Amino acid sequence: MSNVAFAVSPSAPEAGRDEPHSDACASLEDLGEKHRLRALKWRWLRKHPTLIVGVLVLAVVTLVSVGAPWIATHDPQAIDPLARLQAPSAEHFFGTDAMGRDVFSRAVWGGRVSLLVALTVAVLATGFGVLLGLVASFVRWADSLIMRVMDGLMAMPDILLAIALMAITTADLRTVVFAITVPQIPRVVRLVRSLALSLREQLFVEAAHAVGTRLPSILWRHVLPNLLAPLAVQATFIAAAAVLVEAGLSFLGAGIPPQVASWGNMMADGRNFVVMAFHIILYPGLLLAATVLGINLVGDGLRDALDPRLARQL
Amino acid sequence: MNYVLRRLVATLPVMGVVAVIVFFLIHLSPGDPAALIAGDTASEGDVARLRASLGLDQPLWTQFSLWIGSLARGDLGTSIFTRVPVTELLAQRLEPTLSIAVITTVLSLVVSIPLGVLAAHRVGTWIDRLVMLFAVLAFSIPGFLVGYLLIYGFAIEAQWLPVQGFVGLSEGVWPWLRSLILPCVNLALVYIALLTRMTRATLLEVLHEDYIRTARAKGLGVLPVLLHALRNAAVPIATTVGTGIALLIGGVVVTETVFAIPGIGRLVVDAVQRHDYPVIQSVLLLSAAAYVLINLMVDLSYRLFDPRIRY
């Protein structure tokens, strides 16, 4: 129960100097001291270098993906049979693939798929997870039903379950997002339930209940705000997992349709040319790794910044 | 023994839920599952025949009870594509996958626990930072990229190890091991990262306990103190070993594809491309059963580390 206290601002300021979050909260209360606030923010950022590095990496990847039409040097789909499997050069920064397509341009465009998948999966899995988790912790009869289904889902590795889900649908972006989201939901449900069960016993929730506040309102106004920090951290880790699973699915031929330039698809294309043209696998792979690294660093940084005690749980 | 039996029975609900999920997966399909399995080129008659042979024309509950009934008899169905019983297919593919799983687990434990202890012992130093950097990198780099880097470095450039493929144990221990070194190292990296992080985090907590201070105060050397602490940190580490098995099982699918190893992971990947649903269902069930059983064993092992735990 102790790991929810940090988000309840009125009690936080005395919590001690080791928790930068509460420092910021304390100074938010007297907005007159703008300078102090800025100094604190700066110190807070300096104390969490992983967060900054992560955000910077993600910012670069996002800029490149959004700016793909201007950054790409070639049409990502343009086939050039005369320029097959070329090594990286001034004309083709990352070389060309087996169909003579420019790997650099495809890699630049491919980031869009990964980022889109990361974002939608994180939002959807967190959303459904919060919903189910809150129902499980506040509606008694639903608890064991929901939790047993989650246990069952947890027993299957995420990529295997996603593969199975892809086997029953036709591959497009929506079904891929669905297949990646489902295996991630139990993680959120478990987190929400464990936090909400202890929140339920807290005095302010009991008080709200006693004065006749209705359940939806208690959940929205009193429980949810206290879940936001751990959820933000969990959502980042889910985003990282989503990028990896999407790439894995595409690599195994069960993901985004092959004509779409995604990093996973590009690496799958390069599978048969490891000896001749390793660059087809290498460059999209490095970009993918940088993206996941960025997301993971943001997650680690957020976790440490928001509450060091979460470190063991997530 | 009685306790073990009771715990074994307690896993049945989870397996039941898994069976239900696995069964209803195919009915989540927005279209006609029979048409999907048959593929685009199948005629109306083919689809109808397939529907009848899979029992998909029966009411849902009949299908379900028939399926559970055959599961209970150990019959996992017949592959639609190869028309071979799935149990036979799985048996053929078991050796490579089991070899990879066992070697990877042993390798991971042997590397990660000393590494985690070292990082915790030298917390805040460059050793610790290096270990943690390795852990975050291993979590971020897709397994198949590492796999190809290993192939490129050790098999193509240096030519020390075979590029791909699997050699059975019956061909000799050394050829068998040689064919497994790269895939197991590849698969172990994520697992090592996970276990190292957990070992470090738990050990750091234990090292702050009073009895560690007492142990140090009475003049115990560094190594005995660390071993003492490690034993007290064993339960959370063992738990992570158990839950991490999911990473391993999922990773096997990718690793077997990278290294062209004819194991169960490769079987399921081929099955997905052929919409061979009985095979997919069986592999899902099997991996869930492995996960549940291994975690049960981990639960039971707590007693070894902590005599206060009684069953």
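Labels below follow one simple rule: chain letters A, B, ... track the order of the sequence lines, proteins then strands, and each chain is numbered from 1. Everything quoted here is computed from the prediction, not taken from an experiment.
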* To do: Check the pair B/Thr243 / A/Met154 against side chain to side chain contact (heavy atoms under 4.5 Å, CB included), numbers first and verdict last.
  => CA-CA 9 Å; B/Thr243 49; A/Met154 287 283 271; over 6 Å; no
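- Between the CD1 atom of B/Ile151 and the CZ atom of A/Phe278 there is a distance of 8.5 Å, given to the nearest 0.5 Å.
- When side chains are defined from C-beta on, B/Val20 does not count as touching A/Val149, because their heavy atoms never get closer than 4.5 Å.
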* To do: Could you walk me through whether B/Ile141 and A/Val292 pass side chain to side chain contact (heavy atoms under 4.5 Å, CB included), step by step?
  => CA-CA 7 Å; B/Ile141 303 177; A/Val292 181; over 6 Å; no
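- At most 12 non-hydrogen atoms from other residues, nucleotides or ligands lie less than 6.0 angstrom from CZ of B/Phe154.
- Counting heavy-atom neighbours within 6.0 Å of B/Phe64 CZ, excluding the residue itself, gives a total above 12.
- B/Val269 touches chain A through its side chain: at least one heavy atom from C-beta onward sits under 4.5 Å away, while N, CA, C and O do not.
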* Given side chain to side chain contact (heavy atoms under 4.5 Å, CB included), test B/Phe139 with A/Leu293 step by step and report yes or no. => CA-CA 8 Å; B/Phe139 273 132; A/Leu293 182 68; over 6 Å; no
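- The shortest non-hydrogen separation linking A/Leu160 to B/Val268 is CD1-CG1, 3.9 Å.
- Between B/Tyr148 and A/Phe251, the angle of the ring planes goes over 60°, which puts this pair in the perpendicular group of the 30/60° scheme.
- Proximity to chain A (any heavy atom under 4.5 Å) is shown, for B/Leu247, by neither the backbone nor the side chain.
- Within the 3.5 Å criterion, the main-chain N or O of A/Leu252 finds a donor-acceptor partner in the side chain of B/Gln273.
- The choice from B/Val252, B/Val22, B/Leu149 that makes the most heavy-atom pairs within less than 4.5 Å of chain A is B/Leu149.
- In plain terms, the two heavy atoms of A/Ala155 and B/Val292 that are nearest each other are CB-CG2, 4.1 Å.
- Looking only at side-chain heavy atoms (C-beta outward), B/Val17 and A/Asp151 stay at 4.5 Å or farther from each other.
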* Full working for side chain to side chain contact (heavy atoms under 4.5 Å, CB included) between B/Tyr291 and A/Met156 -> CA-CA 8 Å; B/Tyr291 178 84; A/Met156 292 177 271; over 6 Å; no
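- Between B/Ser140 atom OG and A/Ile295 atom CD1 the span is 9.0 Å, to the nearest 0.5 Å.
- Counting all heavy atoms, side chain and backbone alike, A/Ala164 lies closest to B/Leu284 at CB-CD1, 3.5 Å.
- Residue A/Leu165 forms a side-chain contact (heavy atoms from CB on, under 4.5 Å) with just one option from B/Leu25, B/Val272, B/Ile280, and that option is B/Leu25.
- Residues B/Val258 and A/Arg271 have side chains not in contact (no heavy-atom distance under 4.5 Å, counting atoms from C-beta outward).
- What you find for B/Pro142 and A/Leu288 is that their closest heavy atoms are CG-CD2, 3.3 Å.
- Interface residue B/Thr257: only side-chain heavy atoms are found under 4.5 Å from chain A.
- Of the atoms belonging to A/Asp300, it is side-chain heavy atoms, and not backbone ones, that fall under 4.5 Å from chain B.
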